[in-house]
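Just below is one structure, and these are the notes that go with it.
We use all heavy atoms of the structure for the numbers below, so side chains are in, but hydrogens, waters and symmetry mates are not. The chains referred to below are lettered A, B, ... by the order of the sequence lines, with proteins before strands, and numbering in each begins at 1.
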Amino acid sequence: MKYPFLDIEKKWQDYWERHQTFKTVDNPSKPKRYILDMFPYPSGAGLHVGHPEGYTATDIYCRYLRMKGINVLHPIGWDAFGLPAERYAMQTNIHPRITTEQNIATFTRQIKMLGLSYDWSREVDTTDPKYYRWTQWIFLKIYNSWYDLRQQKARSIDALIREFEQKGSEGLSLEPGFTAEQWRKKSKKEQQDILADFRLAYVAEIPVNWCEGLGTVLANEEVEEWREKGYTVERRPMKQWMMRITAYAERLLEDSKELDWPLSTLDQQKNWIGRSEGAEIHFPIKGNGETVTVFTTRPDTIFGATYMVLAPEHPLVNVITTQQQKNAVEEYRKQAALKSEFERGIDKDKSGIFSGSYAINPATKKEIPIWIADYVLMGYGTGAIMAVPGQDERDWEFAERFGLPIIRTVQPPSDFKGKPYLGDGPAINSDFLNGLYIDKAKVKIIEWVESNKLGTRKINYKLRDWLFSRQRYWGEPVPIIHLEDGTMKPLDESELPLLLPELEKFQPSGTTESPLALATDWVNVVDKQTGLKGRRETNTMPQWAGSCWYYLRYIDPDNDRVLCDPAKEKYWMPVDLYIGGAEHAVLHLMYARFWHKVLYDLGYVTTKEPFMKLLHQGTILGEDNQKMSKSRGNVVNPDEVVLEYGADSMRLFEMFMGPLEDSKPWSTRGVEGVYRFLNRVWRVFVTEEGAIDPSIQDVPASPEFERLYHQTVKKVGEDIEALRFNTAISQMMIFLNETMKLEKKPRALLEQFVLLLAPFAPHIAEELWNKLEHSESLAYAPWPSYTAEKTIEDTVEVVFQVNGKVRSKAVVALNTAEGDLEDLAKNDTHVKRHVDGKRITRTIVVKNKLVNIVISPN
RNA sequence: GCCGAAGUGGCGGAAUUGGUAGACGCGCUGGACUCAAAAUCCAGUUUGGCUCAAACCAAGUGGGGGUUCGAGUCCCCCCUUCGGCACCA
């Protein structure tokens, strides 16, 4: 007979809901744990088997913690803005809100079907105006902040304005600077432009991937896809909202050292931030008084800088290009603009064109040609380099191709065969640096550069500011109005939320603007204060915005005065354990850390970092070991699995498959395996008639069984704490296998076993607990305890080795003396056969483990 | 190319302050129950050799070297797979 999982699971899910079993109460006197899942994007396809993996892991952990008396916060919600719903709306004209609601309903049903112990009263939905009101509120906070380098933190823009009014730009590196009086005389527009250079959210004209055919800007990773479909995508400078995440580069790097995160994720973030130390050096341009500033990590090689390169987009290109070269340069720039950054990288053959001008190498005082080439990127450093072909692969390649001079300035080893030499060695051809190795040469040249006012020491980051605007409808509107006098006006907090307008048709606007531009009533406004006409910002926020702070809203989801009550924030933050996919290793996790730090600086949160411990669940592959996909036909539907084997089996199997963070293939046989285990559990406890099995009696346990029990309690608890669920389940299986052999089963221990099983398979556990005459849910029953002494075996098997090879074994009392072990070994018949006639050179005895007799050949 | 993770039976995986490799599950084989099947239960199951069988012997944790009484575990080199980055000066 199969155990009636469908009835049981329904029954207990209803029970938990009716009794609000998992509703979390803020109780600052109790120890807390905040356990967070990455909230899902509710797609039309519904849940796939990958989702429940992480969710089950956190659920087991939470259920365990509750039984340990911990106050647990474990919420769920929806990252529901996003492109799929909007695309669907374009095709069907069904409002994304409708689609989103339907998808959320499906996801909710499926998640509830798995018996996950979320506090549903805290559910959040990023598309709910009550939620995105606060996303917009945070945007305004960021917009109205600037990063004060002196204090290394974000501060209100009002503080900066006051400072300008009182002291002008003194103390802030600003070119050109101004006095307080000059500031006051500036027009509002001029003042705004200056402030924009400080704000953490600002509008910039940056090159983006513009696709005329689609009427939208594409993300870098989307470009290839649309090109293949025949669309033209071009790099075009456009006005976009940016977030000044680069101001936080150093802190994002520094603070990550204290996080308990997967090494690979920390590494990815580190690489993404890409800190490098070096110097900025000014190269005067011959003949016109301008200078080109370059960034280099190898200032020690400056004597080998035989030419310079500017990025095609560099502002000085127009200034330095000579009349003769004008047409060729113009043509080259056009071609470069058509290539994405990705394509520039793909093109291994370096291209470039001579500008016609020369610069003076400040070290050698020699004239060097200035080239324009797209292997230099405008977005990094200064967009210009000093080319040192002797010590740089790219420069060498370029120099070879265009016949530019190559001078080595580091002596390669005598057996060196390569072209550029990147390793360490004494400087050569470098005047006063000659003989110095790289580190010392760097120190000396930077001193020389700084004392001669030719440049400065400098740290650069690969990290770039965050492109924050999207030409989309289904996102949070940016609460900014562009006034006719050219200034921008943020909405007042009291005007939030700024709701999305209703649209009749969900089509691209036909211009570079989002579909919001079509909602003319919404877009066109008159500023009440000034009477100026204005247009609302028509870009919306990226999907990342809502997910940047949702963990804070769970803490206080219904608060309409603040985004999160400070006392509650102090109690619950930080998130103690965060589980979600590795695909978010950089973007989501970096953006969220960034916003969190801004909120920290402004005093809205009390922790420097939001997520203390992070774990990525591995991908669940199809039964054929391939990625699950519709086209492969290897997708497993959780609904079917639950219908056939029950939610408890599904949960148990996903945890039993292997380590949480590993990728592993689905196996229907495997599900059947854990399903059989649950059936055995049921049969051990319950008779055919549904009564408690008569073999379960109030009898004392045998010493062996009691020992196994204590070992099991210990192992299951320790494994849950370490999130090693697969081995915890193994141990429970071992316990059950032994239990089944007993004619009389000690009730007390079996009851405790039900509690061990409860976090993993909560439905069957509740039902058994109930049958064992407990009237209340076991959700808060005390977790079983064990006695360390009782886990210890009184005998051990000791191995006898000869020359490291196992030749015999013996069971002896625990802690048998080493001398006795040695005697046993030497008298063992099997050992004797290998030892007799040989000379024993050494004997190693490890108590409770082994005896190793080392013999020499004769 | 660079960074990171990982390679253990037919399969998923256990086992690391260096000390019995293969726990647990799947599959497979044989048996019990059954008219039969399903379900369930019991036994076996790394490979090879020798065996009716046991015992025994040999090999064995991607490959090759090394350290050690002893290596899946530590060190060096290489190969493969997966994930990320990709002209970042």
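The pairing partner recorded for B/A71 is none, the criterion being a Watson-Crick or G-U wobble arrangement whose two distances lie under 3.5 angstrom. Pair assignment for B/U80: B/A6, on the basis of Watson-Crick or G-U wobble contacts that are both within less than 3.5 Å. In this structure, B/A14 forms no base pair with any nucleotide, since neither Watson-Crick nor G-U wobble geometry is met with both distances under 3.5 Å.
The residue A/Lys664 sits close only to the backbone: its heavy atoms come under 4.0 Å of sugar-phosphate atoms, none of a base. Contacts of A/Gly381 with the nucleic acid, taken as non-hydrogen atoms under 4.0 Å apart, are absent. When heavy atoms are screened at a 4.0 angstrom cut-off, A/Ser667 is found touching no nucleic acid atom at all. Heavy atoms of A/Gln268 sit under 4.0 angstrom from primed sugar atoms or phosphate atoms, though from no base atom. Contact annotation for A/Gln801: base contact, defined as any heavy-atom pair under 4.0 Å involving a base atom. A/Lys809 comes within 4.0 angstrom of a base, heavy atoms only. Here A/Ile729 lies out of heavy-atom contact (under 4.0 Å) with every strand. Contact annotation for A/Asp395: no contact, since no heavy-atom pair falls under 4.0 Å across all strands. Among the protein residues, A/Arg724 comes within range of no part of the nucleic acid, since none of its heavy atoms lies under 4.0 Å from any strand. Residue-level contact check: A/Ser264 touches the backbone only, with heavy atoms under 4.0 Å from sugar-phosphate atoms and none from bases. No engagement by A/Thr841 is indicated, since no non-hydrogen atom pair under 4.0 Å with the nucleic acid exists. The residue A/Thr265 sits apart from the nucleic acid: no heavy atom pair falls under 4.0 Å. Within the nucleic acid shown, A/Pro659 comes within 4.0 Å of sugar-phosphate atoms alone, with no base atom in reach, counting heavy atoms only. Using a 4.0 Å heavy-atom criterion, one finds that A/Asp662 contacts no nucleic acid atom at all.
Note on A/His616: every side-chain N or O is 4.0 Å or more away from OP1 and OP2 of B/G83. In this model, the phosphate group of B/C69 is not approached by any side-chain N or O of A/Thr843 to a distance below 4.0 Å at OP1 or OP2. Side-chain nitrogen and oxygen atoms of A/Asn271 include none within less than 4.0 Å of the OP1 or OP2 phosphate oxygen of B/C2. Residue A/Lys2 places none of its side-chain N or O atoms closer than 4.0 Å to OP1 or OP2 of B/A38. Side-chain nitrogen and oxygen atoms of A/Arg807 include none within less than 4.0 Å of the OP1 or OP2 phosphate oxygen of B/C56. In terms of phosphate contacts, A/Asn737 brings a side-chain nitrogen or oxygen within less than 4.0 Å of OP1 or OP2 of B/G25.
Shortest non-hydrogen contact noted between A/Tyr375 and A/Ala387 is OH-CB, 4.4 Å.
Counting only heavy atoms from C-beta on, A/Ile734 has its side chain closest to B/A23 among B/C3, B/C69, B/A23. Closest to the A/His830 side chain, of the nucleotides B/U20, B/C56, B/G12, is B/C56. In the set B/C41, B/U20, B/A14, B/C41 carries the atom at the smallest distance from any side-chain atom of A/Arg680. In this structure, of B/C24, B/G19, B/G4, it is B/G4 that holds the atom nearest to the side chain of A/Asp267. The A/Arg669 side chain lies nearest to B/G27 when the options are B/C24, B/G27, B/A89. Each of B/U40, B/A14, B/A89 was ranked by its minimum atom distance to the side chain of A/Arg683; first place goes to B/U40. The side chain of A/Arg676 lies closest to B/G27, out of B/G4, B/G27, B/G19. For A/Leu263, whose side chain is taken as the heavy atoms from C-beta onward, the closest listed nucleotide among B/C24, B/G19, B/A5 is B/A5. Closest approach to the A/Tyr380 side chain among B/A89, B/U20, B/C41 is made by B/A89 (side chain taken as heavy atoms from C-beta onward). Closest to the side chain of A/Val799, out of B/U20, B/C69, B/G25, is B/U20.
For B/G4, the base is anti relative to its sugar; the glycosidic angle deviates from 0 by more than 90°.
Checked against a 6.0 Å centroid threshold, the rings of A/Phe416 and A/Tyr421 count as neighbours. A centroid separation of 6.0 Å or more is found between the aromatic rings of A/Phe5 and A/Trp682. Note: A/Phe402 and A/Phe398 meet the aromatic proximity criterion, with ring centroids under 6.0 Å apart. Ring to ring, A/Phe677 and A/Phe760 are not that close: their centroids are 6.0 angstrom or more apart.
No option in A/Asn815, A/Asn848, A/Thr816, A/Val811 other than A/Asn848 meets the side-chain contact (heavy atoms from CB on, under 4.5 Å) test with A/Val796.
Cation-pi geometry between A/Arg593 and A/Trp466 is not met at under 6.0 angstrom from the ring centre and within 45 degrees of the axis.
To the nearest whole angstrom, the two P atoms, one in B/C69 and one in B/G18, are 15 Å apart. Spacing between B/C26 and B/C75 at atom C1', rounded to whole Å, works out to 37 Å. The C1' atoms of B/G1 and B/G9 are separated by 37 Å, rounded to the nearest whole Å. For the P atoms, the distance from B/G48 to B/A53 is 14 Å, rounded to whole Å. With both ends at atom C1', the span from B/A38 to B/G22 equals 32 Å, rounded to whole Å. Taking the P atoms as reference points, B/C42 lies 15 Å from B/C33, given to the whole Å. Here the separation of B/U61 from B/G7, taken at their P atoms, is 14 Å to the nearest Å. Using C1' as the reference atom, B/U17 and B/G70 are 16 Å apart when rounded to the nearest Å.
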Could I get a table of every N or O pair under 3.5 Å where one atom is in the protein and the other is in nucleotides 29-31 of chain B?
none

### Task
Go through A/Lys847 and A/Glu818 one step at a time and tell me if the salt bridge (charged side-chain N to carboxylate O under 4.0 Å, His left out) criterion holds.
CA-CA 6 Å; A/Lys847 219 176 184 181; A/Glu818 291 174 5; 5.7 Å; no

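What separates CD of A/Gln269 from C1' of B/C3 is a distance of 14 Å, to the nearest Å. Nucleotide B/C69 holds its C1' atom 13 Å from the NZ atom of A/Lys826, rounded to whole Å.
Of the two residues contacting RNA chain B, namely A/Gly658 and A/Asp392, the nearest-nucleotide position lying further toward the 5' end is that of A/Gly658.
Side-chain atoms of A/Lys270 and base atoms of B/C3 include no donor and acceptor less than 3.5 Å apart.
Side chains of A/Tyr461 and A/Thr246: a donor-acceptor N/O pair is absent below 3.5 angstrom, by distance only.
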